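Down below is the structure, laid out as structure tokens.
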2 protein chains.
Amino acid sequence: MTDATKSTHVLQHQMESFEESCRAADLKLTHQRLEIYRELAKATDHPSAETLHKRLHQSMPTLSLDTVYRTLTTFEQHHLIKKVETVDSQAHYEAQMQQHHHLICDTCKEIMDFQWSSFDAVSVPEDILQWGAIKNKSITIYGTCRKCQALKEKKKLE
Amino acid sequence: MTDATKSTHVLQHQMESFEESCRAADLKLTHQRLEIYRELAKATDHPSAETLHKRLHQSMPTLSLDTVYRTLTTFEQHHLIKKVETVDSQAHYEAQMQQHHHLICDTCKEIMDFQWSSFDAVSVPEDILQWGAIKNKSITIYGTCRKCQALKEKKKLE
DNA sequence: TTGCAATTAAGAACAGTTCCTATTTACCTT
DNA sequence: AAGGTAAATAGGAACTGTTCTTAATTGCAA
Ligand SMILES: [Mn+2]
Ligand SMILES: [Mn+2]
Ligand SMILES: [Zn+2]
Ligand SMILES: [Zn+2]
């Protein structure tokens, strides 16, 4: 997927399996839940509740910010979405549930996904096993993205 | 270091290099700054501003929470400490500046340090290099720590 | 010592999130 | 299809974590 948005049929499939998960979890299929999930699923960034609320406002002018927060929390509790760990004061979310890792730009704070399957395959060092039961490991890479690097170069020349 | 607290002379050395860094950065060596740094440096957990404030309250009853926040922000800006990325609403800090990684317990939320030098040594996948200038990569491992596992076992038996 | 810019304490303000409650809605039962 | 009911929502109040404002204090250079 090189495009900035997901193809319609991939998203449609994701929506169907989302609806199935909701029914299985006894979550009512409200318009709000469907639209919030769809908006998050089609996002390639990792939006905050406020960002999602803004994006949905045009098509759902009465949607309350509280509903966005409450709904995201519900989804997270049912493992339908994930809260992304950041250093930011706002919480960021994603519907991407497959194993993946993050690139974070220290300048624009954009969070990008990436894969590193050879890392996913290795097991953790011996001495960590005694800490407890390990469930998951993920990488965060920090740096400056191309866009922000270019901007900095420009400013230097001025 | 198997002990829960650092040996006095290691901490003393860390304090000396901290004082040097402050002078180099034109930061005045106030009692508050020294004590906040010392408290963070000797901690093996990853305390929040509020936790640090509580720990310091006995010896410094007039220390304000605002000063703790302001001081931690100042230290972070001068790369004397780090803000730890978590999914938590409170910010967590550490004085440990050497490359290391984190284990986070999903139950008690405790954050533990660990080393993985063979991972530190490998370079990132080719295609990531085109994203921008990479500065650092770190791992977060999630799971349930021994203590919390034991507690859960106990509850099951009841 | 003295002078002054930097720093602090205390509380007000602010930002992000959650709670309260009256109203609405999904969906189960007829 | 219609009715009943528990769950979900909107809107505003409340709460929590963090930052700002300002007057008083302090570190440190002269
Ligand atoms: Mn992601
Ligand atoms: Mn650490
Ligand atoms: Zn950037
Ligand atoms: Zn634990």
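On a predicted model such as this, the values are computed, not experimentally measured, just so you know. Residue numbers start from 1 in every chain, and the chains themselves are labelled A, B, ... in the order their sequence lines are given, proteins ahead of strands.
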- line: Sorted by chain and residue number, the side-chain hydrogen bond (donor to acceptor under 3.5 Å, both in side chains) partners of A:D113 (sequence neighbours excluded) come out as A:H46, A:H100, A:H102

task: For B:Y142, enumerate each residue passing the ring-ring contact (aromatic ring centres under 6.0 Å, His included) test, keeping only those at least two apart in sequence or located in another chain.
output: none

Sidechain-backbone polar pair: B:K109 side chain, B:D106 backbone, donor-acceptor under 3.5 Å: yes

task: Could you walk me through whether B:K137 and A:H101 pass side chain to side chain contact (heavy atoms under 4.5 Å, CB included), step by step?
output: CA-CA 11 Å; B:K137 61 183 197 296; A:H101 309 285; over 6 Å; no

query: Counting just side-chain N and O atoms, does B:R70 come under 4.0 Å of either OP1 or OP2 of D:dT19?
result: no

message: At a heavy-atom distance below 4.0 Å, what parts of residues 49-68 of chain A sit against DNA chain D?
response: A:T62, A:L63, A:S64, A:D66, A:T67

query: Please walk me through it: do B:R70 and B:T73 pass side chain to side chain donor-acceptor pair (under 3.5 Å)?
result: CA-CA 5 Å; B:R70 190 170 10 81; B:T73 303; over 6 Å; no

Name the atoms and distances for all side-chain donor-acceptor pairs under 3.5 Å in residues 21-30 of chain B, with sequence neighbours left out.
residue: B:S21; atom: OG; partner: B:S17; partner atom: O; Å: 2.9
residue: B:T30; atom: OG1; partner: B:R33; partner atom: N; Å: 3.1

field: Distance, rounded to the nearest Å, where B:R33 contributes CZ and D:dG27 contributes C1'
entry: 10 Å

field: Interatomic distance, A:D88 CG vs D:dG17 P [rounded to whole Å]
entry: 17 Å

message: If you compare every side-chain N and O of A:Q32 against the phosphate oxygens of C:dT25 (OP1, OP2), does one of them come in below 4.0 Å?
response: no

- prompt: What is the distance from CD of B:E35 to C1' of C:dT8, rounded to the nearest Å?
  reply: 15 Å

field: For atom CG of A:L34 and atom P of D:dA7, their distance in whole Å
entry: 19 Å

query: Taking atom P of C:dC27 as reference, at what distance in whole Å does atom CG of A:D26 sit?
result: 10 Å

Report each atom pair, protein N/O against N/O of nucleotides 28-30 of chain D, whose distance is under 3.5 angstrom.
residue: D:dC28; atom: OP1; partner: B:L29; partner atom: N; Å: 3.0

query: If you find the nucleotide of DNA chain D closest to B:T73 and the one closest to B:H31, which residue's nucleotide is nearer the 5' end?
result: B:T73

- prompt: Per the side-chain contact (heavy atoms from CB on, under 4.5 Å) rule, which among B:R55, B:K54, B:H92 passes with B:P47?
  reply: B:R55

- line: For B:L151, the other hydrophobic cluster members (4.5 Å side-chain criterion, sorted by chain and number) are none

message: Before you tell me yes or no, could you show the steps for B:L63 and B:E35 under side chain to side chain contact (heavy atoms under 4.5 Å, CB included), namely the whole-Å CA-CA distance, both residues' side-chain angles and the distance that decides it to 0.1 Å?
response: CA-CA 10 Å; B:L63 178 69; B:E35 292 313 303; over 6 Å; no

field: Length of the line joining A:Q90:CD and D:dG17:C1', which is rounded to integer Å
entry: 14 Å

- prompt: In whole Å, what is the span from the CD atom of B:E76 to the C1' atom of D:dT19?
  reply: 15 Å

